[in-house]
Protein chains: 2
Amino acid sequence: MTRTDASDRLNRLDLIEARLKSGEALILADLAAELGVSRRTLSRDIALMRARGVPVEADRGRGGGIRLSARWGVGRMALSYDEAIDLMISLAVAEQLQSPLFMANLGSVRQKLVASFGPRQRAQVARLKSRILVGQHASNPTRESLAPVDATAIRRLHRAFVERRLLQITYSAPERPPTSRVIEPQFLHYNAPVWYVLAWDHLRQDVRTLRCDRITNAQPLGETFELRPFSLFEPALEGDHVLQ
Amino acid sequence: MTRTDASDRLNRLDLIEARLKSGEALILADLAAELGVSRRTLSRDIALMRARGVPVEADRGRGGGIRLSARWGVGRMALSYDEAIDLMISLAVAEQLQSPLFMANLGSVRQKLVASFGPRQRAQVARLKSRILVGQHASNPTRESLAPVDATAIRRLHRAFVERRLLQITYSAPERPPTSRVIEPQFLHYNAPVWYVLAWDHLRQDVRTLRCDRITNAQPLGETFELRPFSLFEPALEGDHVLQ
DNA sequence: AACAAATAGGCCATAAAATGTCCTCTTTGG
DNA sequence: CCAAAGAGGACATTTTATGGCCTATTTGTT
């Protein structure tokens, strides 16, 4: 290996980690040859990795070698922004489900996820739970009318919901002409397996309950909105106030 | 700052990243002073970070500075082994719930989580979904008898379930003397908000359905077990076969 | 238009770190 | 008891990182 740039050692450390992650036990001398450095240098690299917290285990003697501690690296994920938001919402739902089993370690997963957001969004994200309502299971007719969702629209809805931004949507109820609206997605409401968004409709200046699977198009607008009190939406939750 | 050890630059890079994650825009010269290096060196460090994929944005001119791209770093989590397992189980449940909204990005979260496990456990973890059953909501009497769970015991149960290892448990049904058992936790069954484990009881050589919140103690045994066909457990799911 | 405050980055001398070589020591399986 | 493996000390040498001093460029303010 000829040196190419300044970050050579860093790249090598990454390479070593990648090779170790394959799971096999590696022989120092072999890996050194593979990387084009001396055994001693590789030995020093491993020591450095250990000092920085990577649990490289070693077996001495015949049949030995180096490998990663079996359980390390687990859960090192780099989620995309949308994935992180979806996971955030799902964890909020799981917490609402009140199932004690979920709470064992899921709370700390949520904390880590919250911490991974930037400081500006952290506050928004941390208070997500209070904006997600979990209700009863949906009735059978409702369940059967469930339409396949537009993944892009849902992704944008989620984003707008978390970032508190206005969203322009097309709402397509069956046997009605689709309508276009500008909404503030204030609350999400889950009646398994159906999702609703409790929204403030900007044109009509009123509360609307929309079924998420009927949102066929969504365009994020830049503007942000303020949270409105939940009491405003409570009437919409009783009975069947879903917008047709 | 005088050099202290070999991993100095790595630590400095970590520090820079940590400072950037605070979200504010930073002035190169200030940060350099804070870190005890020259402006030129910091400038080189930033260039290196960019080369390695960290999206550091810079505004030139008055009022400028450097900062992280707003959405970067989101979702970078290092979960512990137990957290990863819990998350894995929760995602499996979410997928069983068949709610289209969950499927938007959660599938790819699951894939990334699977990929983050070591090659040995990956296969076990990937097939977890088929071992988790989601049923109806629990009846009110059942719901009311829900006991607070022993977090340690549940953690060990989850681990044993995923790793397919024998588990020695103490099972404490109300108004009965606690019993000690050695079980193979074959399936998990979720009747919101109650969890059951469908187990093969080693002493009795038979199927048992256990309520997870009644497991008051759990000791992992080293031995692994093989999966048994689901048909074996089907009778236990019909009606109320829960072990008292 | 001029200026000041920012980042970007070239060039060079030098101090410091990384590397390779050559060791010795220890552990472990056959 | 030997060979195969990792751990790590010492030292000379190569390579890199650093600081200092530049210039160029961008951008907001006066």
Side-chain angles (χ1 to χ4, degrees), chain A residues 1-17 19-70 72, chain B residues 1-17 19-70 72:
Chain A
M1 187 161 93
T2 46
R3 300 292 176 78
T4 50
D5 72 327
S7 62
D8 234 43
R9 193 174 187 191
L10 291 180
N11 287 334
R12 199 177 59 223
L13 290 174
D14 285 349
L15 263 178
I16 295 169
E17 205 175 302
R19 285 294 279 111
L20 282 171
K21 272 190 183 155
S22 77
E24 327 147 51
L26 301 172
I27 308 301
L28 268 186
D30 296 351
L31 185 55
E34 191 181 318
L35 295 170
V37 295
S38 70
R39 203 189 53 71
R40 188 67 186 83
T41 296
L42 180 56
S43 186
R44 277 189 274 243
D45 284 344
I46 301 288
L48 178 57
M49 289 172 66
R50 286 196 179 115
R52 292 176 54 80
V54 184
V56 182
E57 293 177 346
D59 290 322
R60 292 180 166 196
R62 243 184 213 198
I66 57 172
R67 65 200 140 66
L68 278 186
S69 164
W72 187 82
Chain B
M1 185 164 90
T2 48
R3 301 286 184 81
T4 50
D5 72 327
S7 61
D8 235 41
R9 192 172 190 194
L10 288 178
N11 287 334
R12 199 177 59 224
L13 291 174
D14 286 348
L15 261 178
I16 295 170
E17 205 175 301
R19 286 293 280 110
L20 282 170
K21 273 191 182 155
S22 77
E24 328 146 52
L26 301 172
I27 308 301
L28 269 186
D30 296 352
L31 185 55
E34 190 181 320
L35 295 171
V37 295
S38 70
R39 202 189 53 71
R40 188 67 188 80
T41 297
L42 181 56
S43 187
R44 277 190 273 242
D45 284 344
I46 301 289
L48 179 56
M49 288 172 66
R50 287 196 179 116
R52 290 173 58 80
V54 183
V56 182
E57 293 177 346
D59 290 322
R60 292 181 165 196
R62 247 188 210 197
I66 56 171
R67 65 200 141 62
L68 278 187
S69 164
W72 187 82

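Note that the coordinates shown come from a computational prediction; the quantities given were computed from them, not determined experimentally. Heavy atoms only: backbone and side chains are in, while hydrogens, waters and symmetry mates are out. In the text below, chain A, chain B and the rest are named by the order of the sequence lines, each starting its count at 1.
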Arg62(B) side chain, from C-beta outward: closest of dT19(C), dT26(C), dT27(D): dT27(D)

Rounded distance (Å) that lies between atom C1' of dA17(D) and atom CG of Asn11(B): 16 Å

Rounded interatomic separation in angstrom, taking CD1 from Ile46(A) and P from dT19(C): 13 Å

Selection from dG9(C), dA10(D), dT19(C) that lies nearest to any side-chain heavy atom of Arg40(A): dA10(D)

Side chains of Arg9(B) and Leu48(B) in contact at under 4.5 Å (non-hydrogen atoms): yes

Which residue lies more 5' along DNA chain D, comparing Gly61(A) with Ala47(A) via nearest heavy atoms: Gly61(A)

Arg60(A) side-chain proximity, nearest of dT21(C), dA5(D), dT19(C): dA5(D)

Of Thr41(A) and Gly63(A), the one whose closest DNA chain C nucleotide lies more 5': Thr41(A)

Donor-acceptor contact present, side-chain Arg39(B) to main-chain Ala32(B), <3.5 Å: no

Side-chain touch Leu35(A)/Arg19(A), heavy atoms, less than 4.5 angstrom: no

Check: dG9(C) base within 3.5 Å donor-acceptor of Arg39(B) side chain: yes

Per Arg44(A) side chain, nearest of listed nucleotides dA10(D), dG19(D), dG8(D): dA10(D)

Sugar-phosphate only, base, or nothing, as touched by Ile27(B) at under 4.0 Å among non-hydrogen atoms: sugar-phosphate

Nearest-0.5 Å distance that lies between atom CD1 in Ile66(A) and atom CD in Glu57(A): 11.5 Å

Salt bridge (charged side-chain N to carboxylate O under 4.0 Å, His left out) partners for Asp14(A), two or more places apart: Arg52(B)

Protein-nucleotide distance (Arg9(A), atom CZ; dA16(C), atom P), rounded to Å: 18 Å

Any residue of residues 19-26 of chain A with a heavy atom less than 4.0 Å from an atom of DNA chain C: none

Closest to the Arg50(B) side chain, choosing from dA8(C), dT19(C), dG20(C): dA8(C)

Ile46(B) and Leu28(B): CA distance, side-chain angles, deciding distance, side-chain contact (heavy atoms from CB on, under 4.5 Å) verdict: CA-CA 9 Å; Ile46(B) 301 289; Leu28(B) 269 186; 4.2 Å; yes

